[in-house]
Amino acid sequence: VGSFIQTQKFSVQKALERRFRVFLTHGSDYHQLLMSLLGGLLHDVVRAARLTGNLVGDEYRIPLRSLEERAREHEISDLKSFLDSPLFVNSGYTLAPGGSYIMAQAV
């Protein structure tokens with residue numbers, strides 16, 4: 001797919017790249033991006049807890065919906081492979097029972 005796109009005119013090339021982005025980017029790239037987004041969400045949750053004085057322990061809940069919204073901004077719609085990936089599990093995140101929250105340890 002990549003070599004075909006490179007043989008096209010520039011304007012057509014850009015349109016094809018947007019349309020076939022899923023096939024041109026590797027899953028691990030998406031996982032790294034999602035991990036970065038998740039880290040940002042954890043930072044936001046910890047900061048909000050500190051500001052409101054709701055620091056209870058060192059485990060925090062990140063709404064899965066928040067990650068889904070940030071992922072959609074980057075045109076990523078499927079989080080299942082990321083949530084099952086070794087990168088997610090080995091980074092200390094877990095999906096809460098029921099699947100509506102991601103549990104994380106504050107760093």
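For clarity, every value in this text was computed on a predicted model and none was experimentally measured.
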Joint cluster assignment, Leu38 & Leu87, ILVMFWY side-chain distance < 4.5 Å: yes
Residue pair [X] / [Y], side-chain heavy-atom distance below 4.5 Å:
| X | Y | answer |
| --- | --- | --- |
| Arg50 | Arg47 | no |
| Ile102 | Leu83 | yes |
| Ser100 | Leu64 | no |
| Leu79 | Glu68 | yes |
| Tyr93 | Leu42 | yes |
| Leu37 | His74 | yes |

For the atom pair [atom1] ([X]) and [atom2] ([Y]), what is the distance rounded to the nearest 0.5 Å?
| X | Y | atom1 | atom2 | value |
| --- | --- | --- | --- | --- |
| Leu34 | Ile76 | CG | CD1 | 4.5 Å |
| Ser85 | Gln32 | OG | CD | 9.0 Å |
| Met35 | Ser91 | CE | OG | 3.5 Å |
| Asp44 | Tyr60 | CG | OH | 13.0 Å |
| Glu59 | Met103 | CD | CE | 3.5 Å |

Salt bridge (charged side-chain N to carboxylate O under 4.0 Å, His left out) partners for Arg65, two or more places apart: none
Heavy-atom pair with the smallest gap, counting every atom of Ile62 and Ala104: CD1-CB, 4.2 Å
Residues in ring-ring contact (aromatic ring centres under 6.0 Å, His included) contact with Phe82, at least two apart in sequence or another chain: His31, Phe88
